[in-house]
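Computation of the quantities below employed the complete heavy-atom set of this structure, encompassing side-chain atoms and omitting hydrogens, waters and symmetry-equivalent molecules.
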Protein chains: 2
Amino acid sequence: MCHISNEMALVKNKKTKDGAEKKIVDAARKLFTEKGYDAVKTRDIAKEAGINLALLNYYFRSKENLFEIIMKENMGRFMEVITGIVNNEETSLEKKIEMLVANYIEILSVNPDMPLFVISNAKIDDHRMKLREKFLGSYFMKQIQQAMKAGKIADINPASLMLNIVGLTIFPFVARRMFQSSNGLTHEAFNELMQERKKMIPKWIEAMLKVK
Amino acid sequence: MCHISNEMALVKNKKTKDGAEKKIVDAARKLFTEKGYDAVKTRDIAKEAGINLALLNYYFRSKENLFEIIMKENMGRFMEVITGIVNNEETSLEKKIEMLVANYIEILSVNPDMPLFVISNAKIDDHRMKLREKFLGSYFMKQIQQAMKAGKIADINPASLMLNIVGLTIFPFVARRMFQSSNGLTHEAFNELMQERKKMIPKWIEAMLKVK
DNA sequence: GTCTATAACCTGATAGAC
DNA sequence: GTCTATCAGGTTATAGAC
């Protein structure tokens with residue numbers, strides 16, 4: 001993508017980035033993802049980043065701006081993964097479902113608060129609408145429709161199928177806090193459960209696809 | 001339920017309640033449920049209720065107090081329904097699943113923002129932990145375990161089964177805003193979709209319960 | 001670039017008139 | 001009971017020194 005001779009310049013321009021700017025973004029990502037926009041104060045971010053409040057505004061001009069950056073980051077990661085899997089013309093239907101589930105769970109195990117962040121932040125409304133289009137306009141959907149015509153799977157509303165795959169996979173993360181209370185599931189037990197579901201969900205989906 | 005002669009007294013005691021107090025609660029319910037605790041300002045509630053800010057504090061003393069009332073309202077409705085269904089010793093496993101799904105969807109169709117409210121409000125942490133216990137300690141779970149022993153259904157982690165039922169049912173409401181954008185699903189189409197799912201989810205669950 | 005100090009604004013809650 | 005006015009504290013953002 002770029003010549004070796006350019007790399008030094010790149011490093012010089014963008015710096016190695018363990019400076020204040022990166023510290024602030026890291027702190028913002030952590031706090032916003034955990035608690036949402038309103039609950040996080042710019043002072044919290046500055047403190048978490050170990051820098052001064054004024055510096056945050058020097059780099060990012062406003063709280064809203066900083067939030068926007070984190071949000072795009074989060075949405076982007078998800079979208080990339082989905083798009084890659086869902087438009088691959090080489091893989092089978094079964095493989096796609098398996099990959100979707102596995103990749104979601106992989107990403108979310110590292111960043112379990114992300115779904116709640118995406119879903120519950122009113123500020124996101126503009127950005128998050130593309131998931132549906134990405135799914136419904138994909139090669140994956142073509143495969144589904146072909147299989148339905150061939151009688152290999154039962155008729156199902158595409159939106160419902162999408163809700164089933166995404167719901168079975170993501171819902172546990174969304175509702176995670178309801179089960180991880182003091183006397184509830186430990187962090188380890190939750191992850192174990194999700195690893196188990198990673199194997200089962202594709203099988204469950206297949207079974208569902210045979211129901212008339 | 002109550003004698004006609006009592007009705008006048010009731011009206012006198014509790015008032016007809018289209019006074020300020022009810023207006024405030026109604027406004028608070030709407031806004032809190034839609035946007036969450038932090039995003040809603042007491043001024044917003046007062047404005048929505050068409051009364052003055054001071055009156056809100058006169059009746060409810062604090063924002064937190066008012067929130068608590070709404071929350072108990074929301075949690076209460078859900079809990080009642082679940083408890084009733086899940087501990088009924090007369091109904092079959094299949095019937096219970098069907099009733100859980102149908103009742104959830106019924107309640108949520110009227111109040112579609114409720115799940116997001118419950119799930120995403122950090123303030124609720126104390127109250128919401130009982131769902132898991134209610135489920136896992138129920139007669140419903142006994143039936144599941146019996147059926148598993150009898151080989152009628154495949155072995156499944158009880159927590160996973162619960163996540164499947166609740167997830168398939170509730171997730172669409174949680175993620176609703178992602179699909180109901182300008183060029184997305186209309187309100188009517190969404191409700192139609194959920195009515196369809198009301199029929200299908202019990203069948204899907206049954207199919208899943210046969211997967212090894 | 002980074003800091004301290006402070007301006008400008010927002011928000012929950014109360015005092016006090018009616 | 002209901003209102004206007006206002007307080008006390010918090011919060012975002014900026015000015016200005018270094």
(message) Using whole Å, what does the distance between atom P of nucleotide C:dG12 and atom CG of B:Leu31 come to?
(response) 12 Å
(request) Give the rounded distance in Å between these two atoms: CD1 of B:Ile24 and C1' of D:dT2. (result) 10 Å
(request) Give a yes/no answer on whether the side chain of B:Asn57 brings an N or O atom under 4.0 Å of OP1 or OP2 in C:dG12. (result) no
(request) Name the closest nucleotide to the A:Ala54 side chain, picking from D:dA15, C:dG1, D:dT4. (result) D:dA15
(request) Tell me whether the OP1 or OP2 atom of C:dG12 has a side-chain N or O from B:Thr42 closer than 4.0 Å. (result) yes
(message) How many whole angstroms separate atom CD1 of B:Ile45 from atom C1' of C:dC10?
(response) 16 Å
(request) Compare every heavy atom of A:Thr186 with every heavy atom of A:Ala189, then report the nearest pair and how far apart it is. (result) N-OG1, 3.0 Å
(request) Using the side-chain hydrogen bond (donor to acceptor under 3.5 Å, both in side chains) rule, take A:Asn111 and A:Arg29 through it: C-alpha gap first, then chi angles, then the decisive distance, then the call. (result) CA-CA 11 Å; A:Asn111 205 345; A:Arg29 174 170 36 248; over 6 Å; no
(request) Return the orientation label for the A:Tyr37 and A:Phe32 ring planes: parallel under 30°, perpendicular over 60°, tilted otherwise. (result) parallel
(request) Select base, sugar-phosphate, or nothing to describe what A:Leu56 touches, counting heavy atoms under 4.0 Å on all strands. (result) nothing
(request) Round to the nearest Å and state the distance from A:Phe60 atom CZ to C:dG1 atom P. (result) 12 Å
(message) If I take atom CD in residue A:Glu64 and atom P in nucleotide D:dA13, what distance separates them, rounded to the nearest angstrom?
(response) 8 Å
(request) May I have the distance from A:Asn52 (atom CG) to D:dT14 (atom P), rounded to whole angstrom? (result) 14 Å
(message) Can you tell whether the side chains of A:Asp113 and A:Arg176 come within less than 4.0 Å, N to carboxylate O?
(response) yes
(request) Between D:dA13, D:dG1, D:dT6, spot the one nearest the side chain of B:Arg43, thanks. (result) D:dT6
(request) Would you indicate, yes or no, if D:dT2 has its OP1 or OP2 atom less than 4.0 angstrom from a side-chain nitrogen or oxygen of B:Tyr59? (result) yes
(message) Are B:Phe173 and B:Phe190 an aromatic pair, judged by ring center distance below 6.0 Å?
(response) yes
(request) Whole angstrom is fine here: how far is it from CD in B:Glu21 over to P in D:dG1? (result) 8 Å
(message) Whole angstroms only, please: what is the NZ-C1' distance between A:Lys63 and C:dC9?
(response) 14 Å
(request) Report the nucleotide, chosen from D:dG1, C:dC3, C:dG1, that has the shortest atom-to-atom distance to any side-chain atom of A:Ile51. (result) C:dC3
